[in-house]
Protein chains: 2
Amino acid sequence: MILDKTDKKLLKLLQDDSKQTNKALSIELGLSVTAVFERIKKLDANGIIKKYVALVDKKRVNKGFVAFCHVKLIQHSQDFVVSFEREVAQLEEVLECYHISGDYDYLLKVLVEDMEAFREFMVKKLTRINHIGSTHSMFMINEVKHTTAIEL
Amino acid sequence: MILDKTDKKLLKLLQDDSKQTNKALSIELGLSVTAVFERIKKLDANGIIKKYVALVDKKRVNKGFVAFCHVKLIQHSQDFVVSFEREVAQLEEVLECYHISGDYDYLLKVLVEDMEAFREFMVKKLTRINHIGSTHSMFMINEVKHTTAIEL
DNA sequence: TATGAAAACCGGGTTAG
DNA sequence: CTAACCCGGTTTTCATA
């Protein structure tokens, strides 16, 4: 699917606030309500828009402590990789996990309440997973920018 | 604000799909539509829910190339830090930027189309910012997990 | 429960390939 | 001639007091 200028503008608006009414969007875009409705339907159907979600303020729910964990596996056989990935994906503290290039194999973004909880997480959950060689953690001091909106 | 079990369940549902009708939510939670409405209103008003957004599939919009850049500043005087943070926050390719502990000062998550675009970004944008000492980039090979939902 | 508003759907008209 | 797009009106559904 090819996105024209209007689609991109529409996506920008929806990535910023998905609760706007089609009417408000139609005014912003200079289109009819129906046209907006159809464009959104198409963006949904084509999977351009994956889902609509509420974003929760992590500080207000006591998950203000963010850690980034680099993880290296002992071995890189298919089995090890698959089972590590399956297990790590199930950990509720892990919001993101990427297989990356470089010295370490994985980069994890971990959300917990505080350092104490992080220690618990490391000891009782992450390092309990087999095949982990070494880990290296960094802690968030300040969040400079955090958006879910992709510029188009 | 204290969240009870029902609030947490409600937040879980809304973090997964914010387009559900209050009726659907009320059935799921075993409440009346009005009760659900009031709880959501309260969560909104208290800033527990920050915003409602559409999530766009990065691969479908040609932003499937993800890089993580570590950045070290030359100096750490107030001025340098403030101006670096202000400038980096304005870069559209940078979705996330964290001031972190460890060998490097910052961790950036960068979304671009491909390696070529990443090169452009580094040369023309990131390293054009003053006060940058060194950088170290890692590239995403695979996204194992990526959720915006905080477990409560 | 009631009501005002918005979403969802439909038929028709317009333009571009 | 077909397909994609856009519009206005109608029905249904939802948010909200």
Side-chain angles (χ1 to χ4, degrees), chain A residues 1-61 63 147-152, chain B residues 1-64 92 113 147-152:
Chain A
M1 176 182 178
I2 286 171
L3 302 174
D4 65 13
K5 213 136 199 205
T6 305
D7 288 320
K8 290 179 182 178
K9 210 164 162 188
L10 176 55
L11 282 173
K12 190 192 178 91
L13 293 166
L14 290 173
Q15 284 187 104
D16 185 58
D17 177 9
S18 61
K19 275 255 166 113
Q20 292 173 82
T21 64
N22 289 350
K23 183 164 187 187
L25 292 167
S26 74
I27 292 166
E28 199 80 33
L29 296 169
L31 294 177
S32 70
V33 173
T34 309
V36 170
F37 173 72
E38 306 231 315
R39 278 177 185 265
I40 293 176
K41 203 167 80 176
K42 200 167 165 190
L43 291 167
D44 286 341
N46 285 56
I48 308 279
I49 296 175
K50 254 194 297 194
K51 57 187 339 198
Y52 297 88
V53 300
L55 296 180
V56 168
D57 189 332
K58 55 182 170 298
K59 281 182 200 150
R60 302 239 176 181
V61 292
K63 302 282 178 182
T147 179
T148 54
I150 300 170
E151 197 74 37
L152 297 167
Chain B
M1 176 180 178
I2 287 171
L3 303 175
D4 65 14
K5 213 139 197 194
T6 305
D7 287 320
K8 291 180 182 177
K9 209 164 163 188
L10 176 55
L11 282 172
K12 189 192 179 92
L13 292 167
L14 290 173
Q15 284 187 103
D16 185 59
D17 177 9
S18 62
K19 274 259 167 110
Q20 294 173 82
T21 63
N22 289 350
K23 183 164 187 186
L25 292 167
S26 73
I27 292 166
E28 199 79 32
L29 297 169
L31 296 176
S32 71
V33 173
T34 306
V36 170
F37 172 70
E38 305 255 324
R39 277 177 187 265
I40 293 175
K41 203 168 80 175
K42 201 166 163 189
L43 291 168
D44 285 341
N46 286 56
I48 308 279
I49 295 175
K50 256 195 297 192
K51 59 187 337 196
Y52 297 88
V53 301
L55 297 180
V56 168
D57 189 331
K58 56 181 170 299
K59 281 184 200 149
R60 302 237 174 180
V61 293
N62 282 325
K63 301 282 178 182
E92 64 179 44
E113 183 171 350
T147 178
T148 54
I150 301 171
E151 197 74 37
L152 297 166

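Every chain is numbered from 1 and lettered A, B, ... according to where its sequence line falls, protein lines coming before strand lines.
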Worksheet entry | Difference in axis direction between the ends of the helix from C:dT1-D:dA17 to C:dG17-D:dC1, five pairs, 10° | 20°
Fill in: Partners passing salt bridge (Lys or Arg N to Asp or Glu O under 4.0 Å) against B:Glu151 (at least two apart in sequence or in another chain)
B:Lys12
Worksheet item: Taking only residues two or more places apart in sequence or in another chain, which ones pass side chain to side chain donor-acceptor pair (under 3.5 Å) with B:Glu92?
Response: none
Item to complete: Please list, chain by chain and in numerical order, all residues satisfying salt bridge (Lys or Arg N to Asp or Glu O under 4.0 Å) with A:Lys50, sequence neighbours excluded.
Response: none
Item to complete: Go through the structure and list residues passing side-chain contact (heavy atoms from CB on, under 4.5 Å) with A:Asp44, not counting sequence neighbours.
Response: A:Ile40, A:Ile49, A:Tyr52
Worksheet item: With sequence neighbours excluded, what pairs up with A:Asp17 under the salt bridge (Lys or Arg N to Asp or Glu O under 4.0 Å) test?
Response: none
Worksheet item: Which whole-number value in Å describes the distance from A:Lys23 NZ to D:dA15 P?
Response: 18 Å
Response to the item:
note: B:Asn22, atom CG; D:dA15, atom P; distance rounded to Å ~ 4 Å
Discussion item. Taking any atom closer than 4.0 angstrom to a non-hydrogen atom of chain A, what span of DNA chain C does the protein reach, first nucleotide to last?
Written reply: C:dA6 to C:dC10
Practice prompt. Any chance you could measure B:Leu11, atom CG, to B:Ile48, atom CD1, to the nearest 0.5 Å?
Written response: 7.0 Å
Discussion item. Test of understanding: with side chain to side chain donor-acceptor pair (under 3.5 Å), list the residues that count as partners of A:Asp57, not counting sequence neighbours.
Written reply: none
Can I get a per-line list of side-chain donor-acceptor pairs under 3.5 Å for residues 24-38 of chain A, giving both atom names and the distance, sequence neighbours left out?
unit_1: A:Ser26; atom_1: OG; unit_2: A:Lys23; atom_2: O; d: 2.6
unit_1: A:Ser32; atom_1: OG; unit_2: A:Ala35; atom_2: N; d: 3.0

Worksheet item: Does B:Asp7 have any side chain to side chain donor-acceptor pair (under 3.5 Å) partners at least two apart in sequence or in another chain, and if so, which?
Response: B:Arg39
Worksheet item: Once each nucleotide of nucleotides 2-10 of chain D is scored for protein heavy atoms under 4.0 Å, what B/S/- sequence comes out, 5' to 3'?
Response: ---SSBBB-
Discussion item. The criterion is salt bridge (Lys or Arg N to Asp or Glu O under 4.0 Å); which residues satisfy it with A:Lys63, sequence neighbours excluded?
Written reply: none
